[in-house]
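Here is how names work: the chains are called A, B, and so on, in the same order as the sequence lines, proteins then strands, and each is numbered from 1. In this text, all values refer to a predicted model and were calculated from it rather than measured experimentally.
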Number of protein chains: 2
Amino acid sequence: MGLRERKKLEAWRTIRSTALRLISERGFDAVSVEDIAAEAGVSRTTFFSYFPTKEAVAFDLDPQALAEWRTRVADDTDDQPLWPALTDLFVDMATVIAEWLPVQKRVLQQHPGLTQSARATCDSFAPDLYRWISRRTPGGDRLQTSLVLNTAMAGYITALEVWDPTDPLDVLLDSIRDCLHRVGTGLAAWERTSSTA
Amino acid sequence: MGLRERKKLEAWRTIRSTALRLISERGFDAVSVEDIAAEAGVSRTTFFSYFPTKEAVAFDLDPQALAEWRTRVADDTDDQPLWPALTDLFVDMATVIAEWLPVQKRVLQQHPGLTQSARATCDSFAPDLYRWISRRTPGGDRLQTSLVLNTAMAGYITALEVWDPTDPLDVLLDSIRDCLHRVGTGLAAWERTSSTA
DNA sequence: TAAGAAGTTGTACTGCGTTCAGGTTTGGGT
DNA sequence: ACCCAAACCTGAACGCAGTACAACTTCTTA
């Protein structure tokens, strides 16, 4: 990893940390992009070269963490049944972003209007999961694959929604496992029958 | 229904139709709020008194249709099991907004970035559904209720995602029924056990 | 029909997000 | 050690979404 790449990641993290600190202190609307950029020591233009929107600075995934998770998903040779394996991927994801979850959740509690942006976080790893599910269920059509993905995400989102950020991370991870297990037990029965429906 | 209320609804629908027509013709980004307001014969200020954001004009629910659906949900004395009854509510919702679905879907196909806004449509009737589910599952905790809601919505969203807007509405309705049945069969088994988990 | 409530309009303002030309830093090749 | 091209950062200017507000018009009701 060259100097250039390291500096970029460092800048990304500086801007992100600065943003979350300011937003935690003053609230999302009371902090402008200008404020964040100034405090992080970069220009407004540079801010937008790292984050496409102001919301993104609070909810985008760490590039390195995301890349690591992606390679793990791509190289996955797990031979468990579909839903336990899928559950592991979501737990991995939550673990990877564990550091930021409490503060993000607290921002969401103070500003429910950002729920949409939070869901966009899921969308950033959805394509990888879609491919992974397709690979695991060769007979599945588009409907079945999307249904599995969206249902699993519903479980993940629900666990995040109900989680209290002052609780330890293990509580969240167990809740994710619980939710995916509950929603998965029904869909598992459809895995074989989808092409004959 | 007084003159005032009738005029308001009429204005709402004029703005909405105008907006969808212009957006269909030129694309979402190439139409400004100013354009829509001018073409609809109102001021920019008035536009924002009807729709909180530019996205809302494409995805908000018709006030009358929403009100009718709400009373139907509130007065619901259906004694079917949970998931068939819930399925009926979603099918009702889709029927109620059937008129706009094809053009909205076409806008989404041309502009995938608006998916988040489309999901906000669901959020506008989510609170009603949450209350309805709570009423139907007295023993359920917050996790179970949210899980049922989010999972049902995942089914609904999935059906919308894979639906081809050139297909007749019945195809979509059947798909909604199919998706909710699939995701519901698993969760139905948890209805009784949630308080002992 | 007069008073007041509800709705509309123009204006001015903040702040997000984009574009672009010009300057600076970095890594690779000689 | 030097140079060059590519990548990066920056300031300035712009368009447009969304808000605030005071003046004005239209509807309701007593």
Quiz item: Between D:dA17 atom C1' and B:Asp35 atom CG, what is the distance in whole Å?
Solution: 13 Å
Practice problem: Determine: side-chain N/O of A:Lys7 to OP1/OP2 of C:dT26, distance under 4.0 Å, yes or no. | Solution: yes
Quiz prompt | Donor on one side chain, acceptor on other, B:Asp35 and B:Ser32, under 3.5 Å | solution = yes
Quiz item: Out of C:dT8, D:dC9, C:dA5, which nucleotide sits closest to the side chain of B:Ser49?
Solution: C:dT8
Quiz item: Rounded to the nearest Å, what distance is computed from the NZ atom of residue A:Lys8 to the P atom of nucleotide D:dA7?
Solution: 10 Å
Quiz item: Is there a side-chain contact between B:Cys122 and B:Tyr156 (heavy atoms, below 4.5 Å)?
Solution: yes
Quiz prompt | For atom CG of A:Leu3 and atom C1' of D:dA6, their distance in whole Å | solution = 15 Å
Practice problem: For B:Tyr50, report the nucleic acid contact type (base, sugar-phosphate, nothing); a contact means any heavy atom under 4.0 Å. | Solution: sugar-phosphate
Quiz item: What nucleotide, of D:dA7, D:dT28, D:dA17, holds the atom closest to the side chain of B:Arg4?
Solution: D:dT28
Practice problem: Please work out whether the ring planes of A:Phe125 and A:Trp69 are parallel, tilted or perpendicular, with thresholds of 30° and 60°. | Solution: perpendicular
Exercise. Can you check whether any acceptor in the base of C:dG17 is under 3.5 Å from a donor in the side chain of A:Arg44, or vice versa?
Key: yes
Quiz item: Is A:Ser175 reaching over with its side chain to a backbone N or O of A:Val171, donor-acceptor style, under 3.5 angstrom?
Solution: no
Quiz item: Nearest-Å distance, CD (A:Glu34) to C1' (D:dA12)?
Solution: 12 Å
Quiz item: Base, sugar-phosphate alone, or nothing: which one does A:Thr45 contact when heavy atoms must sit under 4.0 Å apart?
Solution: base
Quiz item: Can you find a side chain N or O atom of B:Ser43 that sits less than 4.0 Å from OP1 or OP2 on C:dT9?
Solution: yes
Quiz item: Between C:dT18, D:dT28, C:dT9, which nucleotide gets closest to the side-chain atoms of A:Phe48?
Solution: C:dT18
Quiz item: When you match B:Ser32 and A:Gly41 each to their closest nucleotide on DNA chain D, which lands nearer the 5' end?
Solution: A:Gly41
Quiz item: Between the side chain of B:Lys105 and the main-chain N/O of B:Glu161, is any donor-acceptor distance below 3.5 Å?
Solution: yes
Practice problem: Could you tell me the separation between the CZ atom of B:Phe51 and the C1' atom of C:dG7, rounded to a whole number of Å? | Solution: 16 Å
Quiz prompt | Rounded distance (Å) that lies between atom P of C:dT8 and atom CD of B:Glu10 | solution = 11 Å
Quiz item: In whole angstroms, how far is the C1' atom of C:dG7 from the CZ atom of B:Phe47?
Solution: 17 Å
Quiz prompt | Spacing of A:Lys54 atom NZ relative to C:dG15 atom P, expressed in whole Å | solution = 9 Å
Self-check item: Closest listed nucleotide, where the reference is the side chain of A:Thr53 and the choices are C:dT26, C:dG17, D:dT10
Solution: C:dG17
